[in-house]
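Nothing fancy with the numbering, it's 1 onward along the sequence. Only a predicted model underlies this, so the values are computations on that prediction, with no experimental measurement involved.
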Amino acid sequence: MSIVVTGATGHLGRLIVESLLRRGVPAGQVVALGRDTDRLADLAGRGVTVRRADYTDPDSLRAAFAGAEKLMFVSGSEVGQRVRQHRNVVAAAREAGVGLVVYTSITRADTSSLILAAEHRATEQELRSSGLPYVFLRNNWYFENYLPQLPTYLEHGVVGAAGDGRIGAAARADYAEAAAAVLTTEGHANQVYELAGAPFTMTGLAEELSRQAGRRVGYTDLPVARYVEVLAGASVPRSYAEVLADGDRGVAEGALDVDSDDLEKLIGRQPTTLAEAIRTAL
């Protein structure tokens, strides 16, 4: 029997595999899945079982899930396609008789007005209806949504449409560690965890960056429609710009302001702070 991790070629999936190995799970009991198995060759060299899996290919999923005791279901990245793709994953998991499905969802998926939440809400419902034991890891934003943009922030300032809304972002590695904890300990079946770090505002992010970089960085708040135009003008595809701007709209309305210590409890320590994340990235 094994722990199967989907999306292992992606950032989060890869970190979850590494976290499982650090927690002492034998490499031979970990199965890393991806569409391009060449990108998993180093894991195979360390004894991890590597299999091809594509959310659009039900046959590949059924073969990949064979013998799975637990399935780490990392949500797909193709916004607009995930309901169909995720339905394939759930169906294959049910056919394989998986004992537990751990799914990476989004903050307050059942009630959130965010565009991004709709597909997660549908997937949670699909899992509830499947009869499979499940765990929903409702991840807040990642620090990594912002860290690659630090050089741009330093040059041009921080721009968004988040108002004074608070964001409970955390480090991707902390979310991965929480997932590994759920996969390797008992008592999580049919639980929902709202995972978040200490909340901050975009003004707070600008102030922390200013402090560490030794130069003033401001935050400019824009109307949502104007922010879409700014993103599109920076070569972000308009459909994606609208999703990003809607995320800021949700932030302004409190969609990512979460009062929960679930992440801290699962990883057994204080999550990485924004200040630590910025310090490491600079």
Distance (rounded to the nearest 0.5 Å) between [X] [atom1] and [Y] [atom2]:
X: Leu40; Y: Thr49; atom1: CG; atom2: OG1; result: 11.5 Å
X: Thr107; Y: Leu114; atom1: OG1; atom2: CG; result: 8.5 Å
X: Arg279; Y: Thr272; atom1: CZ; atom2: OG1; result: 11.0 Å
X: Asp221; Y: Thr201; atom1: CG; atom2: OG1; result: 10.5 Å
X: Leu205; Y: Glu208; atom1: CG; atom2: CD; result: 8.5 Å
X: Glu253; Y: Asp248; atom1: CD; atom2: CG; result: 11.0 Å

Quick test of your reading of the model: are [X] and [Y] salt-bridged, counting only N-O distances below 4.0 Å?
X: Arg82; Y: Glu78; value: no
X: Arg269; Y: Glu177; value: yes
X: Arg211; Y: Glu207; value: no
X: Arg138; Y: Asp262; value: no

Determine, stepwise, if the pair Glu124 / Ser105 fulfils side-chain hydrogen bond (donor to acceptor under 3.5 Å, both in side chains). CA-CA 8 Å; Glu124 287 191 4; Ser105 189; 2.7 Å; yes
Donor-acceptor pair, distance only, cut-off 3.5 Å: does the side chain of [X] make one with the backbone of [Y]?
X: Arg51; Y: Ala64; result: yes
X: Lys70; Y: Leu183; result: yes
X: Gln212; Y: Ala275; result: yes
X: Glu194; Y: Arg108; result: yes

Check: Glu119 and Val79 side chains under 4.5 Å, non-hydrogen atoms: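 Sidechains of Glu119 and Val79: in contact.
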Side chains of Thr104 and Phe73 in contact at under 4.5 Å (non-hydrogen atoms):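 Not in contact.
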Neighbour count above 12 (heavy atom, 6.0 Å) for [X] [atom1]:
X: Asp164; atom1: CG; result: no
X: His188; atom1: NE2; result: yes
X: Arg23; atom1: CZ; result: yes
X: Arg84; atom1: CZ; result: yes

Taking the six-membered ring for Trp, are Phe136 and His120 ring centroids under 6.0 Å apart?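 Ring centres of His120 and Phe136 not closer than 6.0 Å.
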Measure up the Tyr175 and Tyr142 rings against each other and bin them: parallel (under 30°), tilted (30 to 60°), perpendicular (over 60°).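 Because their plane-to-plane angle lies in the 30° to 60° range, the rings of Tyr175 and Tyr142 count as tilted.
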Please name the residue in the list Asp59, Asp36, Asp57 that meets the salt bridge (Lys or Arg N to Asp or Glu O under 4.0 Å) test with Arg52.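 Option passing the salt bridge (Lys or Arg N to Asp or Glu O under 4.0 Å) with Arg52: Asp57.
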Review item, side-chain donor-acceptor pairs of residues 233-240, under 3.5 Å, at least two apart:
unit_1: Arg238; atom_1: NH1; unit_2: Glu229; atom_2: OE2; d: 3.1
unit_1: Arg238; atom_1: NH2; unit_2: Glu229; atom_2: OE1; d: 3.0
unit_1: Arg238; atom_1: NH2; unit_2: Glu229; atom_2: OE2; d: 3.2

How far apart are the closest heavy atoms of Ser130 and Leu127, and which atoms are they?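 Where Ser130 meets Leu127 most closely, the heavy atoms are OG-O, 2.7 Å.
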Which is it for Tyr55 and Thr6 under the side-chain hydrogen bond (donor to acceptor under 3.5 Å, both in side chains) test, yes or no, and what are the steps along the way? CA-CA 9 Å; Tyr55 289 172; Thr6 73; 2.7 Å; yes
